[in-house]
K.L.:
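Okay, handing you the structure first.
Reckoned from all heavy atoms, side chains included, excluding hydrogens, waters and symmetry mates. All values derive from a computational prediction rather than experimental measurement.
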Amino acid sequence: MARLFRDPRRDSASSSSNGFAPPVASPAASALPSPFPDLGVQLSAAELRETAYEVLVSASRTTGGKPLTYIPQAGPASPASASSASSVNSSSSSLQRSLTSAAASKMKKALGLKSSASSKGGSPGSGGAGVKAAPQRPATVGELMRAQMRVSEPADARIRRGLLRIAAGQLGRRAEAMVLPLEFLQQFKASDFPDLQEHEAWQGRNLKLIEAGLLVHPFVPLNKSDSSAQRLKQIIRGAYDRPLETGKNSESMQVLRTAVMSLAGRSHDGTSDGCHWADGFPLNLHLYQMLVEACFDSDDSTVVDEIDEVIELLKKTWVILGINQMLHNLCFAWALFNHFVMSGQVDIELLSAAENQLVEVAKDAKTTKDPNYCKVLSSTLSSIMGWTEKRLLAYHETFNTSNIESMQGIVSIGVTAAKVLVEDISHEYRRRRKEETDVARSRIETYVRSSLRTAFAQRMEEADSKRSSRNPTPVMSILAKDIGDLAIKEKNLYSPILKTWHPLASGVAVATLHSCYGSELKQFIAGLTELTPETVQVLKSADKLEKDLVNIAVEDSVDSDDGGKSLIREMPPYEAENAIANLVKVWIKERVDRLKGWVDRNLKQETWSPGANRDNFAPSSVEMLRIIGETLDAFFELPIPMHPALLPDLTVGLDRSLQLYVSKAKSGCGSRSSFIPELPPLTRCEVGSKLLFKKKEKPQNPQHRGPQNGATNGTDPLGLPQLCVRLNTLQYIRSELENLEKKIKTCLRNVESAQADITNGLEFKFELCQAACQEGIQHLCETTAYKVTFFDLGHILWDTLYIGDLASSRVDLLLRELDPILETISGTVHIKVRNRAITALMKATFDGFLLVILAGGPLRAFTRQDSQIIEGDFRSLRDLFLADGDGLPEELVDKASSQVKNVLPLLRTDSEGLIERFKRLIADSDQSRTASRGKLPMPTTTGHWSPNDANTVLRVLCYRHEEAATRFLKKTYGLPKKL
């Protein structure tokens with residue numbers, strides 16, 4: 001409504017004809033649309049304002065006992081006129097009451113408004129010589145109202161003249177008992193106006209007021225069959241087409257009066273104590289709002305210093321307009337808020353006053369359920385709330401450091417309006433338990449979430465525009481920083497205000513930002529396929545942002561009932577570290593798989609040739625360790641914050657790759673058991689018999705082997721030199737594992753993400769490879785030893801040693817063949833595994849020597865006297881490995897030769913003693929229990945040769961060249977002399 005009467009286009013048509021001054025220039029901002037229902041009658045703001053002024057003057061006139069007077073405002077007030085005014089004020093009506101000092105305004109104080117008298121030039125008529133006079137202020141409240149409502153002196157004079165005429169004809173009649181438009185129509189004729197056009201406009205206004213007050217918005221609802229209403233409607237319609245003849249004695253006026261008074265005199269209770277023409281809803285509100293506008297200075301929209309007198313005067317119109325304190329409070333609250341808006345939202349005093357006045361409205365709302373009041377209350381508060389929410393739902397756009405002081409008041413007004421609308425008007429709310437809904441908290445949460453989402457969307461657009469060739473930072477990293485800054489701004493600037501209504505405002509804000517960024521981050525992560533520096537930068541930025549947001553939420557909710565658990569539940573972890581970890585694991589898997597593929601390809605091509613390098617190990621092992629070193633360097637160069645956490649994944653993968661290499665390095669070489677021949681069937685001796693010796697199948701691709709001299713074909717991957725290179729390679733890898741572990745610890749200390757105490761406590765051992773190397777070295781030592789003994793030297797052991805005459809088939813040939821083999825091993829195998837290789841060869845040689853004696857086949861036979869030759873040969877064999885103190889340690893040789901030493905005394909024992917020993921051992925064994933009565937069981941071959949092993953004793957008897965032994969074997973087991 002205020003916008004309407006300040007619209008020059010709407011007022012210009014009637015400003016010159018109705019005596020109202022043109023409106024002032026438009027203020028800084030447009031007024032809000034009126035919250036009151038539309039009248040349904042084309043009454044302009046100027047027409048409503050003129051009518052409101054007429055009601056005001058009429059109501060003020062009837063409250064005093066003296067006739068109306070008028071003091072012209074033109075020119076400065078002289079002392080005489082001031083004196084005259086003073087004398088009149090003592091006995092005149094309310095309009096002529098002199099204005100009090102602005103400093104005494106109780107209402108301004110109650111509203112929280114400061115007096116502006118000092119800034120407006122002081123009291124009326126003040127000023128000194130040589131000083132420019134301040135603008136003259138009205139001397140009386142009547143003059144102030146006329147000026148505020150922009151009524152010209154001629155118009156004011158006509159109104160007063162009309163009221164004097166009415167009073168003269170109806171002495172003592174009060175204003176509320178009259179229909180002012182009707183009375184004015186009867187008092188003035190066309191001749192009372194400067195021109196016909198002005199008279200017709202004036203007449204039209206009064207007829208429209210009668211129509212609005214009695215037909216469209218009557219105080220008491222009309223019956224459709226009411227003849228008076230129909231007659232009045234016809235009269236008004238006719239008057240619109242043809243102007244009425246007005247005046248006291250006009251016949252048409254008498255007809256109009258009859259129709260008007262029959263309608264205006266109706267009341268709800270049937271009594272007729274007054275006239276109801278301006279108190280119908282919402283006409284009364286439109287008229288009263290025009291009067292309320294007079295409380296605001298027409299120049300700057302501030303509340304006038306004389307507000308107490310103005311409000312006192314306005315209250316006199318209540319009886320005519322049907323206004324009460326509640327409606328006044330509501331209209332005044334609306335006017336204060338509207339003028340704050342019109343001030344460009346810079347007049348904080350008006351905002352504060354509107355806030356205070358709205359508190360009174362909230363109190364009123366709880367005391368009445370009048371439908372008309374609730375209706376206008378709802379529309380007014382909805383309008384206020386609509387304006388506030390438009391700004392609060394995006395308060396980051398609305399408020400900044402320059403205007404933040406207005407935010408408190410706007411939030412307060414918006415929340416108060418929302419509470420009244422929900423708690424006092426909403427039927428749904430009344431049906432529910434009130435404690436279930438915290439309206440203020442709910443609204444604040446809505447404002448925060450909406451505003452932060454809007455601000456987030458803006459930051460997203462800005463982040464995209466910030467990225468350029470000069471600033472290659474990923475958009476998501478830019479956004480993370482901007483959101484962090486936004487959260488700080490929210491915490492420092494807005495949350496302190498919003499905490500008045502929501503103690504966890506900061507927490508709600510950061511939870512909202514966390515959710516918004518989380519949605520974008522989720523999409524970003526879903527599109528990742530590989531680990532890049534940009535990816536890591538984004539995920540690290542996200543991780544930092546999340547920590548900052550969570551810290552703010554925790555700080556904000558320290559004193560909350562649940563300690564902030566509900567807020568933290570709203571902030572599920574971004575799991576940026578998990579995303580990084582998953583990408584790093586993919587990176588690790590790719591490199592480990594690549595390394596395993598490399599191992600498969602290169603070991604198929606590896607020749608294991610000695611001389612490839614100084615230390616005689618495979619070049620492929622050097623290359624593999626180089627790749628592992630580069631992989632570790634690349635891992636520690638990754639810009640990730642969790643090297644210690646992910647390092648085990650890498651080391652396990654590398655460990656398995658090394659284990660694979662070691663496994664393949666020893667695979668295909670055979671094993672100890674693959675070179676030990678099958679034992680021939682047992683026979684009894686017959687000197688000179690020639691029996692075949694069945695050997696176990698040789699390894700794949702066997703080569704013809706003649707007497708060995710320590711050298712083999714260099715292309716044989718299982719030749720002695722190649723086996724030595726394999727041994728060296730495993731030893732080289734094992735020795736480098738310690739260097740790899742040191743490298744890892746050094747790199748770990750140099751990365752940002754590793755803390756010293758954590759790093760020192762971590763152990764990164766290549767345990768799989770370490771164990772594989774240990775087992776592989778042992779395996780290769782045994783395999784090499786048994787291959788050399790039973791395959792390479794098999795022709796000596798099986799075809800030469802102790803066959804025929806013992807004196808000509810002793811161990812010397814074997815010793816000659818072993819000597820260059822030992823030189824090859826000593827010159828090729830790394831010193832750290834050399835003794836193990838020679839020890840394994842010694843054990844294999846001793847095992848072969850013992851097998852010749854105990855399972856050499858029917859071509860061999862020994863007497864008791866041969867034992868001395870055999871014992872001497874074994875001593876020579878031991879001495880070979882002792883090498884006069886330069887070979888293996890004596891205790892090691894003694895330990896390896898203990899089995900042979902224990903068995904050799906059986907060769908010196910007579911046959912009868914052996915037979916008795918054999919029977920005793922069989923009797924003591926479990927096999928005797930399952931044997932047939934009177935028959936000795938055949939002892940099982942265990943391979944653990946011992947004088948206490950029945951099978952070992954039996955074998956000595958089998959090779960004993962004596963009649964007693966042969967007879968016993970034939971009788972007991974029926975053993976043949978030949979195969």
K.L.:
Are the side chain of His830 and the backbone of Cys724 linked by a donor-acceptor contact shorter than 3.5 Å?
P.N.:
no
K.L.:
Are the side chains of Thr784 and Arg726 in contact, using a 4.5 Å heavy-atom criterion?
P.N.:
no
K.L.:
Looking at Ser867 and Leu907, what are the two nearest heavy atoms and their distance?
P.N.:
CB-CB, 3.7 Å
K.L.:
Name each donor-acceptor pair under 3.5 Å that joins a side chain in residues 771-778 to protein atoms two or more places apart or in another chain, with its distance.
P.N.:
from, atom 1, to, atom 2, distance (Å)
Gln774, OE1, Arg734, NH1, 2.5
Gln778, OE1, Arg836, NH2, 2.8
Gln778, NE2, Glu782, OE2, 3.0

K.L.:
Between OG1 of Thr942 and CG of Asp949, what distance do you get to the nearest 0.5 Å?
P.N.:
4.5 Å
K.L.:
Out of curiosity, Ile733 CD1 to Gln659 CD, how far, rounded to the nearest 0.5 Å?
P.N.:
12.0 Å
K.L.:
Within a strict 4.5 Å, meaning less than it, do heavy atoms of the Trp945 and Asn951 side chains meet?
P.N.:
yes
K.L.:
Side chains of Glu736 and Asn739: is there a donor and an acceptor less than 3.5 Å apart?
P.N.:
yes
K.L.:
Which value, rounded to the nearest 0.5 Å, describes the distance between Leu854 atom CG and Leu679 atom CG?
P.N.:
9.5 Å
K.L.:
Taking C-beta and beyond as the side chain, do Asp600 and Leu660 meet within less than 4.5 Å on heavy atoms?
P.N.:
yes
K.L.:
Under the salt bridge (Lys or Arg N to Asp or Glu O under 4.0 Å) test, which residues partner Lys832, sequence neighbours left out?
P.N.:
none
K.L.:
With sequence neighbours excluded, tell me which residues meet salt bridge (Lys or Arg N to Asp or Glu O under 4.0 Å) with Glu741.
P.N.:
Lys765
K.L.:
Apply side chain to side chain donor-acceptor pair (under 3.5 Å) to the pair Tyr802 and Asp873, showing each step before the final yes or no.
P.N.:
CA-CA 11 Å; Tyr802 300 145; Asp873 284 353; 2.5 Å; yes
K.L.:
Restricting to non-hydrogen atoms, name the atom on Ala645 and the atom on Pro648 that form the minimum distance, rounded to 0.1 Å.
P.N.:
O-CD, 3.5 Å
K.L.:
I would like to know whether Asn750 and Thr746 meet side chain to side chain contact (heavy atoms under 4.5 Å, CB included); could you show each step before the answer?
P.N.:
CA-CA 7 Å; Asn750 293 333; Thr746 301; 4.0 Å; yes
K.L.:
Listing request: all salt bridge (Lys or Arg N to Asp or Glu O under 4.0 Å) pairs with a residue in residues 877-895, at least two apart in sequence or in separate chains.
P.N.:
Arg878-Asp894, Asp894-Lys901
K.L.:
Begin from the C-alpha positions of Leu682 and Tyr973 and carry the test side chain to side chain contact (heavy atoms under 4.5 Å, CB included) through to its verdict.
P.N.:
CA-CA 10 Å; Leu682 293 175; Tyr973 298 111; over 6 Å; no
K.L.:
Hey, is the main chain of Leu539 close enough, under 3.5 Å, to the side chain of Asp543 for a donor-acceptor pair?
P.N.:
no
K.L.:
If we ignore hydrogens and angles and just use 3.5 Å, is the side chain of Asn902 paired with the main-chain N or O of Ser946 as donor and acceptor?
P.N.:
no
K.L.:
Search all heavy atoms of Leu595 against all heavy atoms of Ser657 and return the closest pair with its distance.
P.N.:
CD2-CB, 3.5 Å
K.L.:
Report the C-alpha distance between Phe636 and Leu748 in whole Å, list the side-chain angles of each, state the deciding distance to 0.1 Å, and finish with yes or no for side chain to side chain contact (heavy atoms under 4.5 Å, CB included).
P.N.:
CA-CA 8 Å; Phe636 285 107; Leu748 200 54; 3.8 Å; yes
K.L.:
Counting distance only, does the side-chain N/O of Thr783 pair as donor-acceptor with the main-chain N or O of Leu780 below 3.5 Å?
P.N.:
no
K.L.:
Taking it one step at a time, do Arg917 and Leu906 satisfy side chain to side chain contact (heavy atoms under 4.5 Å, CB included)?
P.N.:
CA-CA 10 Å; Arg917 186 182 187 91; Leu906 293 176; 4.0 Å; yes
K.L.:
For a quick test of reading the model, state the closest non-hydrogen atom pair linking Leu801 to Ser809 and the distance between them.
P.N.:
CD1-O, 3.4 Å
K.L.:
Taking atom CG of Asp792 and atom CG of Leu797, what is their separation to the nearest 0.5 Å?
P.N.:
11.0 Å
K.L.:
Just grab all the salt bridge (Lys or Arg N to Asp or Glu O under 4.0 Å) pairs involving residues 642-651, residues at least two apart or on different chains.
P.N.:
none
K.L.:
List the residues meeting ring-ring contact (aromatic ring centres under 6.0 Å, His included) with Tyr959, not counting sequence neighbours, and say none if there are none.
P.N.:
none
K.L.:
Between Arg864 and Arg908, is there a donor-acceptor pair closer than 3.5 Å when you use the side chain of the first and the backbone of the second?
P.N.:
yes
K.L.:
Donor-acceptor pair, distance only, cut-off 3.5 Å: does the side chain of Thr952 make one with the backbone of Asn948?
P.N.:
no
K.L.:
According to ring-ring contact (aromatic ring centres under 6.0 Å, His included), who are the partners of Phe635, at least two apart in sequence or on a separate chain?
P.N.:
His643
K.L.:
According to salt bridge (Lys or Arg N to Asp or Glu O under 4.0 Å), who are the partners of Arg960, at least two apart in sequence or on a separate chain?
P.N.:
Glu962
K.L.:
Between Ser826 and Glu823 (side chain of the first, backbone of the second, donor and acceptor by atom type, cut-off under 3.5 Å), is there such a pair?
P.N.:
no
K.L.:
Whether the side chain of Asp655 engages the backbone of Cys769 through a donor-acceptor N/O pair (distance < 3.5 Å, no angle test) should be reported.
P.N.:
yes
K.L.:
How far does CZ of Arg810 sit from CD1 of Ile870, to the nearest 0.5 angstrom?
P.N.:
9.5 Å
K.L.:
Indicate the atoms forming the closest heavy-atom contact of Ala965 with Ser911, along with that distance.
P.N.:
CB-OG, 4.0 Å
K.L.:
Verify, without hydrogens or angle tests, whether Asn728 (side chain) and Thr828 (backbone) share a donor-acceptor contact under 3.5 angstrom.
P.N.:
yes
K.L.:
Please tell me if the side chains of Leu737 and Leu658 come closer than 4.5 Å, counting only heavy atoms from C-beta onward.
P.N.:
yes
K.L.:
Is it true that a side-chain atom of Thr535 and a backbone atom of Leu531 form a donor plus acceptor pair closer than 3.5 Å?
P.N.:
no
K.L.:
If a pair satisfies ring pair (Phe, Tyr, Trp, His ring centres under 6.0 Å) and one of its residues is in residues 580-615, list it, with sequence neighbours excluded.
P.N.:
none
K.L.:
Could you report the tightest heavy-atom contact between Pro474 and Val538, atom names first, then the distance?
P.N.:
CB-CG2, 3.4 Å
K.L.:
Give every donor-acceptor pair under 3.5 Å between a side-chain atom in residues 620-628 and any protein atom, sequence neighbours left out.
P.N.:
from, atom 1, to, atom 2, distance (Å)
Ser620, OG, Glu606, OE1, 2.7
Ser620, OG, Tyr661, OH, 2.6
Ser621, OG, Ala618, O, 2.6
Glu623, OE1, Arg626, NE, 3.2
Glu623, OE2, Arg626, NE, 3.3
Glu623, OE2, Arg626, NH2, 2.3
Arg626, NH1, Glu630, OE1, 3.0
Arg626, NH1, Glu630, OE2, 2.3

K.L.:
Could you give the side-chain donor-acceptor pairs of residues 838-849 under 3.5 Å, partners two or more places apart or in another chain?
P.N.:
from, atom 1, to, atom 2, distance (Å)
Thr839, OG1, Asn835, O, 2.5
Thr845, OG1, Leu841, O, 2.7
Asp847, OD2, Tyr786, OH, 2.4

K.L.:
Rounded to the nearest 0.5 Å, how far does CD1 of Ile744 lie from CG of Leu632?
P.N.:
5.0 Å
K.L.:
Do the side chains of Cys781 and Leu727 get nearer than 4.5 Å, heavy atoms only?
P.N.:
yes
K.L.:
Within the structure provided, determine whether Arg860 and Ile803 are in side-chain contact (heavy-atom separation under 4.5 Å).
P.N.:
yes
K.L.:
With a 4.5 Å limit on heavy-atom distance, are the side chains of Val536 and Leu638 in contact?
P.N.:
no
K.L.:
Looking at residues at least two apart in the chain, or sitting in another chain, which of them share a salt bridge (Lys or Arg N to Asp or Glu O under 4.0 Å) with Asp615?
P.N.:
none
K.L.:
Are side-chain heavy atoms of Leu969 and Leu954 found at a separation under 4.5 Å?
P.N.:
yes
